[in-house]
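Below, all heavy atoms of this structure are taken into account, side chains as well, without hydrogens, waters or symmetry copies.
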Amino acid sequence: MKNLRRAIALLVLSFALAACEGQILADRAGINTPECTTAAQCELKVCMKTACENNQCVWDPIPECQSCEDCEEVCGNGVIEGDETCDGNCPTTCQTSDACTPEVLVGSAATCDAKCEAEPSITMCSDGDGCCPSACDSTTDSDCGTMCGNGVVEAEETCDGDCPTTCESPDACVTMSLSGAAATCDAECTVSNTITACVDNDGCCPSACNNTNDNDCQVDCTDIAAWPSNWAAMEDEVIVLVNEVRAQTQTCGQYGSFDPAGPVEMNDEMRIASRCHSVDMGERNRLGHDGSDGSSFSQRLGTAGYNGQPRGENVAAGYGSAQTVVNGWMNSPGHCRNIMNSGINRMGIGYYLAPGSQYGDWWTMTTGIGGN
């Protein structure tokens, strides 16, 4: 009897469980499920799972439920549905790792459509925008850092793409050496040694040397500024001494007495012509008024560019100072007359020292009126 009652109880329980499970299966299959017309109904039915507890069907929410075909979208339920771009996790600002590709916030969290959209990339070189476009560098955009290898010499670089690999000095008196490297854009040629001693055959003529103590020194009589400074100083002194004697009455032998005359001034073109003739005489070791090319003093003045009126020429050799050569000319009647000519107001003096020549020191004076 006892066993019979136990069997009847189990049979009743199995019927109840079967009914519950049948209801679960029916609901999952959409059978006998009330029509879903609102989100609330959806949450209560469609987005639920069933369980059987105490012979009752229990509905539990499914947290990971993403969408329900028969439900309307609801902003604020924490689930991204349909056309929503966010729900509960909407962005409020937009940040990008590349300042040249900015993003802007569109939509809003209130409508669950907030999102970051890319704006057009920055291509213009503009200071202070945080972006360094590929076509810009630190010389055109302050947002760009120094970059070795971009072909532009920027701050702290000495070269970029054109870095020296060897150093050759255009001046034989200066030795250059290479420092830095092309890989770091700091390669450069710097002075490592400067020759100052007057030494023959080293290819260098230091500024303090001349052809008398260094055979590497060559003079260019056509370059007014390249003439040895001590020679030029002697030439200037002759002009001073000439103006001193012209300021007084002078007697020039058979040519008689000459009244004081006005001062003369040095003319660069006449000076060049005088220097070149002194060099010509010294190199030929011959004193005279005719050039080695047969030119006269007036022709040489024209060749040098003098555009005034040539009047005369004095030459001398063997005088080692300005004072002695002026004295020598003043003691020679013809030369004295040229110096005291009251009509002249321009003069050119050229001194050349030719070691090994007969006289060593060679002088030329040309006189003229006006010009240049």
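- Considering only heavy atoms from C-beta on, Lys115 comes within 4.5 Å of Glu117 through its side chain.
- Side-chain contact, Thr366 with Ser274: a donor N or O sits under 3.5 Å from an acceptor N or O.
- Looking at Val174 and Asn193, their side chains never come closer than 4.5 Å, going by heavy atoms from C-beta outward.
- Formation of a donor-acceptor pair under 3.5 Å by the Thr367 side chain with backbone atoms of Gly312 is found in this model.
- As summarised for Cys75 and Cys112, their two SG atoms come within a distance smaller than 2.5 angstrom, satisfying the threshold.
- Put simply, CG on Asp87 and CG on Asn77 are 5.0 Å apart, with the number rounded to the nearest 0.5 Å.
- When the SG-SG distance for Cys204 and Cys173 is compared with the 2.5 Å cut-off, it comes out below that value.
- Residue Met340 is grouped with residue Val242 when hydrophobic side chains (ILVMFWY) are merged at heavy-atom distances under 4.5 angstrom, including chains of intermediate members.
- Put simply, the side chain of Cys148 does not reach to within 4.5 Å of the side chain of Thr184, judged on heavy atoms.
- Atoms OG and NE2, on Ser296 and His277 in that order, are 10.0 Å from each other to the nearest 0.5 Å.
- Checking side-chain atoms of Asn243 against main-chain N and O of Val264 turns up a donor-acceptor pair under 3.5 Å.
- Under the 4.5 Å side-chain criterion, counting only non-hydrogen atoms from C-beta, Thr101 is not in contact with Glu103.
- Counted by atom type alone, Thr222 and Asp220 present one or more donor-acceptor pairs between their side chains at under 3.5 Å.
- Side-chain atoms of Asp280 never come within 3.5 Å of backbone atoms of Cys276 as a donor-acceptor pair (strictly under, hydrogens ignored).
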*Let me see the working for Ser295 and Asp290 under side chain to side chain contact (heavy atoms under 4.5 Å, CB included), right down to the final yes or no.*
CA-CA 6 Å; Ser295 61; Asp290 294 332; over 6 Å; no
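- A salt bridge is absent between Glu269 and Arg271: the closest approach of a Lys/Arg side-chain nitrogen to an acidic carboxylate oxygen does not fall below 4.0 angstrom.
- With hydrogens and angles ignored, the 3.5 Å screen pairs a side-chain donor or acceptor of Ser192 with a backbone N or O of Thr175.
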_Please determine whether side chain to side chain donor-acceptor pair (under 3.5 Å) holds for the pair Ser138 and Glu154, giving the CA-CA distance in whole Å, both sets of side-chain angles, and the decisive distance to 0.1 Å._
CA-CA 7 Å; Ser138 64; Glu154 301 166 294; 2.7 Å; yes
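- No donor-acceptor pair under 3.5 Å is formed between the side chain of Asn285 and the backbone N or O of Ser357.
- Sulfur-to-sulfur, Cys217 and Cys209 sit at least 2.5 Å apart at their SG atoms.
- Residues Asp214 and Cys198 approach most closely at OD2-CA, 3.6 Å, considering heavy atoms.
- Counting only distance, with no hydrogens or angles, the side chain of Ser332 and the backbone of Trp329 share no donor-acceptor pair below 3.5 Å.
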*Apply side chain to side chain contact (heavy atoms under 4.5 Å, CB included) to Val191 and Met176, showing your working.*
CA-CA 5 Å; Val191 175; Met176 308 290 288; 3.7 Å; yes
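- When Val325, Asn338, Val326 are each tested for a side chain to side chain contact (heavy atoms under 4.5 Å, CB included) with Asn314, only one passes: Asn338.
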*Quick one: do Ser108 and Asp113 satisfy side chain to side chain contact (heavy atoms under 4.5 Å, CB included)? Show the steps, please.*
CA-CA 6 Å; Ser108 70; Asp113 61 354; 4.1 Å; yes
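- For Ser278 and Thr364, the side-chain atoms include at least one donor-acceptor pair closer than 3.5 Å.
- With rounding to the nearest 0.5 angstrom, the OG atom of Ser342 is 8.5 Å from the CZ atom of Phe258.
- Contact detail for Met234 and Ala322: the closest heavy-atom pair is O-CB, 3.6 Å.
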_Would Asn201 and Asn215 count as a side chain to side chain donor-acceptor pair (under 3.5 Å) here? Give the steps._
CA-CA 7 Å; Asn201 302 318; Asn215 63 7; 3.0 Å; yes
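- Considering every non-hydrogen atom in both Thr140 and Cys125, the closest pair reads O-CB, 3.6 Å.
- When hydrophobic clusters are built by joining Ile, Leu, Val, Met, Phe, Trp and Tyr residues whose side-chain heavy atoms come closer than 4.5 Å, directly or via intermediates, Val240 is not grouped with Ile344.
- Under a 3.5 Å cut-off, the side chain of Thr251 and the backbone N or O of Gly253 do not form any donor-acceptor pair.
- Ile272 is not connected to Val315 by any chain of hydrophobic side-chain contacts under 4.5 Å among Ile, Leu, Val, Met, Phe, Trp and Tyr, and they are in different clusters.
- Residues Val245 and Leu241 share a single hydrophobic cluster, defined by chaining ILVMFWY side chains whose heavy atoms lie under 4.5 Å apart.
- Shortest non-hydrogen contact noted between Ala187 and Cys159 is O-SG, 3.5 Å.
- A donor-acceptor contact closer than 3.5 angstrom is absent between the side chains of Asp268 and Asn372.
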*Trp227/Arg275 under side chain to side chain contact (heavy atoms under 4.5 Å, CB included): CA gap, chis, key distance, verdict*: CA-CA 9 Å; Trp227 208 242; Arg275 286 175 174 176; 3.2 Å; yes
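- Here the CZ-SG distance, from Arg337 to Cys252, works out to 9.0 Å after rounding to the nearest 0.5 Å.
- No path of Ile, Leu, Val, Met, Phe, Trp and Tyr side chains, each step under 4.5 Å between heavy atoms, connects Phe297 with Val238, placing them in separate hydrophobic clusters.
- Between the side chain of Asp160 and the backbone N or O of Val153 there is no donor-acceptor pair closer than 3.5 Å.
- Proximity of a side-chain donor or acceptor of Glu84 to a complementary backbone N or O of Glu81 within less than 3.5 Å is detected.
- Listed by chain and number, the residues in a salt bridge (Lys or Arg N to Asp or Glu O under 4.0 Å) with Arg300 are Glu313 (sequence neighbours excluded).
- Here the shortest heavy-atom pairing between Leu287 and Trp362 reads N-CZ3, 3.8 Å.
- A donor atom on one side chain and an acceptor atom on the other are not found under 3.5 Å apart for Asn267 and Tyr306.
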*Using the salt bridge (Lys or Arg N to Asp or Glu O under 4.0 Å) rule, take Arg246 and Asp259 through it: C-alpha gap first, then chi angles, then the decisive distance, then the call.*
CA-CA 8 Å; Arg246 281 172 62 85; Asp259 293 331; over 6 Å; no
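- Outside the 6.0 Å centre-distance limit, the rings of Trp363 and Tyr319 are not counted as a close aromatic pair.
- The SG atoms of Cys132 and Cys136 do not sit under 2.5 Å apart.
- Across every non-hydrogen atom of Ala114 and Cys90, the tightest pair is CB-CB, 4.1 Å.
- With values rounded to the nearest 0.5 angstrom, Cys167 atom SG is found 4.5 Å from Leu178 atom CG.
- Side-chain N or O atoms of Gln309 include none that pairs as donor or acceptor with a backbone N or O of Gly370 at under 3.5 Å.
- Expressed to the nearest 0.5 Å, how far SG of Cys163 lies from CG of Asp186 amounts to 8.0 Å.
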